Amino acid sequence: MIGDYRNESLPTSFDADICIIGTGAAGIAIAHALAGSSLNLCMLESGGLASERESQQLYEGSSVGALPCDPAASRVRAFGGSCNFWGGGCIPLSELDLSRRDWVPHSGWPLSYAQLQPYYERAIEFCRIGNLGFAAGSFLAPLPREPLEFDERTLVNRTFVSAPVLFGDAYRAELEQAANIRVLLHANLLELRATDDGRRVGQALIGSLDGRRGLVRARHYVLACGAIENARLLLLSDAGCPRGLGNRHDLVGRYFMDHPSGVLGSILTDAADRIARPYDRRLNKDPVPAFPEISLSETAQRDYHLLRARIHPFAMEGPVPRGLQALRALRAKAHRPQQDESEALKARVCAATTSDPSRFGVVAEQTQPTARLALEAALGAGDIARAFARKLADRPTVSTDHVDLIGYFEQAPNPDSRVTLGDECDALGQRKVRVDWRLTPLDTYSYRTAAMLCGGEIVRRYGGVFRPASWLAEDADAPAQVHGTAHHMGTTRMADSPLEGVVDRDCRVHGIDNLHVAGSSVFPTGSWAFPTLTIASLSLRLADRLRLLLSRPVAG
Ligand SMILES: Cc1cc2nc3c(=O)[nH]c(=O)nc-3n(C[C@H](O)[C@H](O)[C@H](O)COP(=O)(O)OP(=O)(O)OC[C@H]3O[C@@H](n4cnc5c(N)ncnc54)[C@H](O)[C@@H]3O)c2cc1C
């Protein structure tokens with residue numbers, strides 16, 4: 001059942017077998033796996049069914065690092081979580097991603113690909129991807145266009161798919177109907193209170209923005225609030241443990257990572273279309289489309305001591321004829337969504353996290369009056385007819401004259417890249433988050449080297465001239481011009497030793513018997529892979545673990 005905690009007819013406090021905090025991909029995956037079981041679940045969700053300004057404001061905080069990371073513009077505080085705005089990109093991790101790499105400090109998961117593989121199968125079902133084959137590091141789905149060929153010692157193609165699912169929409173009915181699940185909307189976790197011996201969580205203090213306060217008493221607790229908030233909530237849970245829960249070794253919030261992305265350079269070529277078209281996402285209309293990505297080969301990673309990277313080629317248009325410009329602007333006006341709160345937030349979040357150069361430019365054209373645009377389109381009917389003919393011939397509507405290479409990178413785990421608490425408080429009286437996002441020299445070295453390897457290899461095979469971006473062409477100390485992609489990871493990393501990680505290989509917080517963490521905050525390293533498929537896999541694995549733990553008799 002789904003209820004609103006602000007509703008006075010509901011009790012203020014609840015008992016459950018498992019209290020899941022957060023209804024994003026991670027929380028919903030666990031609830032889905034346990035729906036209809038004999039276990040009682042209480043799920044806390046800070047937001048409502050759609051995004052709302054007041055709930056979203058609880059995500060505000062400061063960004064103080066070398067690179068900006070606006071915590072309110074890179075996630076969504078509502079039922080269904082940040083995946084309400086996601087791109088659906090899914091791909092499994094590779095064996096190298098999970099292994100210890102001598103050249104990447106703090107790398108190595110305590111789990112192997114073989115241990116994750118059966119959960120990837122279940123996660124693929126959960127993400128409604130269908131029965132596409134997959135292997136470590138790639139889907140095996142057929143592609144509509146042949147990707148480029150490379151010297152495989154340098155570059156390889158890897159395939160990802162776009163899942164057609166928004167978890168909140170897809171699983172809302174199931175959560176509503178499951179007799180063993182209670183979802184409380186507008187119910188914020190304020191603090192987890194440990195028992196006197198500090199070995200267990202005894203209760204979760206909860207509250208709504210309109211002042212209701214209460215608690216949830218559960219046998220097990222799962223934090224599933226995304227990588228920034230999981231750390232914040234542990235740090236806020238400081239009654240009886242001044243550094244915060246699970247933070248005996250000062251690791252909570254450290255190793256904060258994203259997938260940094262930036263323009264690596266341009267290839268000046270008359271084969272722009274040939275190079276970029278196999279990777280153009282607009283051209284695959286399958287219900288579960290599969291897309292290739294150019295990825296650094298494992299050989300190149302080992303030989304040059306690089307982080308993982310994918311590089312996406314975008315064919316850049318030459319001058320756009322006026323008639324076509326006007327038609328595009330008219331279309332953009334017609335398709336402009338109603339600017340309700342949710343759409344406005346979506347526009348803000350997506351603009352802050354995208355690197356797709358084709359998204360720029362259209363916005364400026366939309367500001368012209370409709371009548372004027374219609375006249376220009378009519379006068380430019382010839383331009384439009386020519387563009388249409390090109391499209392029918394499976395060519396781009398406007399001729400292209402260069403390719404921009406956009407890189408998306410794994411980030412080196414870095415203890416100084418971290419989430420802490422600031423001094424300001426939010427509307428619930430909780431200290432706001434402070435994000436200090438930092439790179440290491442290995443990151444910038446990887447950008448530089450990957451740009452040269454990828455640009456060089458494409459030019460060698462397909463002709464043209466590669467011009468690295470100016471920030472890469474300058475001296476090695478030039479600041480990296482990259483931005484985040486809202487794939488927050490790493491703040492409660494997984495390790496067998498409590499000296500090296502916050503949770504163990506079962507996602508249980510070291511030293512606290514009944515507290516678990518779901519989501520990418522447990523990732524020790526982040527690959528370039530979109531994180532949500534792995535988040536879902538680990539969550540389904542955690543659900544199995546909780547089922548097992550709760551089937552054991554309670555120690556008297
Ligand atoms: C624009 C955009 C595009 C993206 N595209 C992709 C993509 O293509 N592929 C991919 O894999 N990933 C993508 N991501 C990342 C993806 O959204 C995250 O990996 C995913 O949402 C993480 O799921 P989660 O359940 O761990 O956390 P979240 O989705 O962040 O969910 C956390 C939940 O906890 C709730 N919550 C927070 N604090 C509290 C509290 N105190 N009390 C109660 N509830 C609380 C929130 O309201 C939310 O519902 C994208 C993200 C964005 C923003």
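Read the numbers this way: they start at 1 and go in the same order the structure lists the ligands and their atoms. What you see is a predicted model; the values in this text were computed from it and never measured. Quick note: numbers below take in every heavy atom, side chains included, and nothing from hydrogens, waters or symmetry partners.
- When each atom of ligand 1 is checked for a heavy atom of Gly87 under 4.0 Å away, the hits are 3 (C), 4 (C), 5 (N), 6 (C), 7 (C), 8 (O).
- The shortest distance between side-chain heavy atoms of Ser112 and Leu98 does not fall below 4.5 Å.
- Looking only at atom types and distance, the side chain of Trp86 has no donor-acceptor partner in the side chain of Thr532 under 3.5 Å away.
- Heavy atoms of Leu190 found under 4.0 angstrom from ligand 1: none, in either backbone or side chain.
- Residue-ligand proximity, Ala187 to ligand 1, at heavy-atom distances under 4.0 Å covers atoms 42 (N), 43 (C).
- A donor and an acceptor atom, one from each side chain of Tyr120 and Thr534, are located under 3.5 Å apart.
- Residues Arg213 and Leu190 meet the side-chain proximity criterion, which asks for heavy atoms closer than 4.5 Å.
- Judged by distance alone, the side chain of Tyr5 and the main-chain N or O of Gly214 form a donor-acceptor pair under 3.5 Å.
- Heavy-atom proximity to Thr23, at under 4.0 Å, picks out these atoms of ligand 1: 33 (C), 49 (O).
- Counting the atoms of ligand 1 from 1 in the order shown, those under 4.0 Å from a heavy atom of Cys83 are 16 (C), 17 (O), 20 (C), 21 (O).
- Enclosure of atom CG in Asp423 is not indicated, since only 12 or fewer non-hydrogen atoms of other residues, nucleotides or ligands lie within 6.0 angstrom.
- For atom 47 (O) of ligand 1, the closest heavy atom belonging to the protein is Glu45 OE2, 2.6 Å.
- Shortest contact from atom 41 (N) of ligand 1 to any protein heavy atom: Leu189 O, 3.2 Å.
- If you check which protein heavy atom lies closest to atom 31 (O) of ligand 1, you get Gly24 CA, 3.5 Å.
- Within the 4.0 Å heavy-atom shell around ligand 1 one does not find Arg75.
- Considering backbone and side-chain N/O atoms, Ala26 comes within less than 3.5 Å of an N/O atom of ligand 1.
- If you look at Ser55 next to ligand 1, there are no close heavy atoms at all, none under 4.0 Å.
- Remark: Arg172 CZ is loosely packed, at most 12 non-hydrogen atoms of other residues, nucleotides or ligands lying under 6.0 Å away.
- Ring-plane geometry between His312 and Phe314 is classed as tilted, the angle between the planes lying from 30 to 60 degrees on a 0 to 90 degree scale.
- Scanning the protein for heavy atoms near atom 1 (C) of ligand 1, the closest one is Phe85 O, 3.5 Å.
- For Tyr59, the closest heavy-atom approach to ligand 1 falls below 4.0 Å.
- Counting only distance, with no hydrogens or angles, the side chain of Asn514 and the backbone of Arg219 share a donor-acceptor pair below 3.5 Å.
- Residue-ligand proximity, Ala25 to ligand 1, at heavy-atom distances under 4.0 Å covers atoms 23 (O), 25 (O).
- Of the possible polar contacts, none joining the Arg541 side chain to the Tyr119 backbone as a donor-acceptor pair under 3.5 Å is found.
- Here the side chain of Ser13 pairs a donor or acceptor atom with the backbone of Leu215 at under 3.5 angstrom.
- With Phe160, Phe79, Trp86 as candidates, the residue nearest to atom 50 (C) of ligand 1 on a non-hydrogen basis is Trp86.
- Near Gly88, the atoms of ligand 1 lying under 4.0 angstrom from a non-hydrogen atom of the residue are 7 (C), 8 (O).
- Among the atoms of Ala518, none of the N or O lies under 3.5 angstrom from an N or O of ligand 1.
- For atom 29 (O) of ligand 1, the nearest protein heavy atom (residue, atom name, distance) is Ser82 N, 2.9 Å.
- Residue contacts with ligand 1: Ser539 is excluded, as none of its non-hydrogen atoms falls under 4.0 Å.
- For the pair Arg508 and Asp506, the salt-bridge criterion is not met [side-chain N within less than 4.0 Å of a carboxylate O].
- Contact annotation: for Thr485 versus ligand 1, there are no heavy atoms closer than 4.0 Å.
- With respect to the salt-bridge test (charged N to carboxylate O, under 4.0 angstrom), the residues Glu293 and Arg281 qualify.
- Annotation: atom 16 (C) of ligand 1 to nearest protein heavy atom, Thr532 OG1, 3.5 Å.
- Taking 4.0 Å as the cut-off between side-chain N and carboxylate O, Glu125 and Arg122 do not count as a salt-bridged pair.
- At distances below 3.5 Å, not a single donor-acceptor pair connects side-chain atoms of Ser527 with backbone N or O atoms of Leu93.
- Around atom 13 (C) of ligand 1, the closest heavy atom drawn from Glu191, His488, Arg77, His487 belongs to His487.
- The nearest heavy-atom contact from the protein to atom 7 (C) of ligand 1 is Gly89 N, 3.6 Å.
- Interface atoms of ligand 1 facing Leu44, defined by a heavy-atom separation under 4.0 Å, are 43 (C), 44 (N).
- Proximity annotation for atom 33 (C) of ligand 1: of Gly27, Ala224, Gly168, Ala224 comes nearest, heavy atoms only.
- Close approach of ligand 1 to Gly81 is summarised as follows: ligand atoms under 4.0 Å from at least one heavy atom of the residue are 29 (O), 31 (O), 48 (C), 49 (O).
- For the residues Ala529, Gly22, Cys225, the heavy atom positioned nearest atom 32 (C) of ligand 1 is part of Cys225.
- Protein heavy atom in closest approach to atom 22 (C) of ligand 1: Ile535 CD1, 3.6 Å.
- Here the two rings, on Phe523 and Tyr255, have centers that are 6.0 Å apart or farther.
- Contact annotation for Cys90 and ligand 1: no heavy atom of the residue comes within less than 4.0 Å of the ligand.
- Annotation: cation-pi geometry satisfied between Arg75 and Tyr59 (NZ/CZ under 6.0 angstrom from ring centroid, within 45° of ring axis).
- Proximity of Pro531 to ligand 1 is established by a heavy-atom distance of less than 4.0 Å.
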